[in-house]
Q: 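This structure is in structure tokens; I'll ask about it shortly.
Residue numbers count from 1 along this sequence.
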Amino acid sequence: RDDWANQPVADYMSREVVTVTTDTRLREVTEMLVEKQIHRVVVVDEEGGRIQPLAVISDTDLVYYMLNE
């Protein structure tokens with residue numbers, strides 16, 4: 001599409017969101033990112049029977065952490 005800036009985000013978003021919980025180990029997150037060839041996962045928590053997003057962790061976050069450790 002030539003006019004991509006005016007297209008709805010629904011045309012470009014990923015519907016399959018990969019989630020982890022706060023107790024997931026960073027090694028597992030790293031493996032998910034590599035295996036699924038994705039750049040981010042959503043950290044979630046169950047609250048009142050509903051899954052609530054808490055944060056997003058990205059491949060860049062992990063690299064930054066490793067370099068500053």
Side-chain angles (χ1 to χ4, degrees):
R1 296 181 178 180
D2 294 330
D3 192 23
W4 66 268
N6 293 312
Q7 299 304 312
V9 72
D11 290 351
Y12 297 89
M13 67 185 193
S14 297
R15 295 191 186 277
E16 295 180 30
V17 178
V18 177
T19 62
V20 296
T21 60
T22 56
D23 61 345
T24 303
R25 300 290 175 224
L26 288 178
R27 177 178 288 293
E28 293 175 63
V29 173
T30 304
E31 290 170 356
M32 284 180 182
L33 295 174
V34 171
E35 288 172 9
K36 296 179 181 294
Q37 298 179 353
I38 57 176
H39 300 284
R40 291 164 199 83
V41 296
V42 179
V43 181
V44 297
D45 189 26
E46 186 173 334
E47 185 177 301
R50 296 181 59 200
I51 295 175
Q52 300 292 324
L54 299 176
V56 174
I57 187 162
S58 69
D59 52 0
T60 305
D61 295 329
L62 294 174
V63 170
Y64 179 83
Y65 174 78
M66 288 185 284
L67 289 175
N68 290 292
E69 180 61 13

Q: Are Val43 and Ile51 in one and the same hydrophobic cluster, where Ile, Leu, Val, Met, Phe, Trp and Tyr link if side-chain heavy atoms are under 4.5 Å apart?
A: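 No, separate clusters.
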Q: Apply side chain to side chain contact (heavy atoms under 4.5 Å, CB included) to Thr30 and Arg27, showing your working.
A: CA-CA 5 Å; Thr30 304; Arg27 177 178 288 293; 5.6 Å; no
Q: If you take all heavy atoms of Pro53 and Val44, which pair is closest and at what distance?
A: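 Minimum heavy-atom separation between Pro53 and Val44: CA-CG1, 4.1 Å.
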Q: Does the side chain to side chain contact (heavy atoms under 4.5 Å, CB included) test come out yes or no for Ile57 and Arg40, once each step is laid out?
A: CA-CA 6 Å; Ile57 187 162; Arg40 291 164 199 83; over 6 Å; no
Q: What's the shortest heavy-atom distance between Met32 and Ile38, and which atoms?
A: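 Looking at all heavy atoms of both residues, the shortest contact is O-CG1, 4.2 Å.
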Q: When you group the ILVMFWY residues by side-chain heavy-atom contacts below 4.5 Å and let the links chain together, are Val17 and Val29 in the same group?
A: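 Different clusters: Val29 never reaches Val17 through Ile, Leu, Val, Met, Phe, Trp or Tyr contacts under 4.5 Å.
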Q: Return yes if some donor-acceptor pair links the side-chain N/O of Asp11 with the main-chain N/O of Gln7 below 3.5 Å, else return no.
A: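 Not confirmed, Asp11 side chain does not pair with Gln7 backbone.
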Q: Starting at CH2 of Trp4, measure out to CG of Asn6 and round the result to the nearest 0.5 Å.
A: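 Between Trp4 CH2 and Asn6 CG, I get 9.0 Å after rounding to 0.5 Å.
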Q: So how far is it from Asp45 CG to Arg50 CZ, rounded to the nearest 0.5 Å?
A: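 Answer for the CG-CZ pair, Asp45 versus Arg50, is 13.0 Å.
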Q: Checking the side chain of Thr24 only, and the main-chain atoms of Val20 only, is there a donor and an acceptor separated by less than 3.5 Å?
A: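 Such a contact is absent between Thr24 side chain and Val20 backbone.
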Q: Is it true that, when you exclude Leu54 itself, more than 12 heavy atoms of the residues, nucleotides or ligands shown sit nearer than 6.0 Å to its CG?
A: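 Yes, the 6.0 Å shell around CG holds more than 12 heavy atoms from other groups.
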Q: To the nearest 0.5 Å, how far apart are CD in Glu35 and CD in Glu28?
A: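 Here the interatomic distance stands at 10.5 Å.
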Q: Please report the shortest heavy-atom distance between Leu33 and Ser58, naming the atom on each side.
A: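 Here Leu33 and Ser58 meet closest at CD1-C, 4.4 Å.
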Q: Side-chain heavy atoms under 4.5 angstrom apart, residues restricted to Ile, Leu, Val, Met, Phe, Trp, Tyr: same cluster for Val18 and Leu26?
A: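 Val18 clusters together with Leu26.
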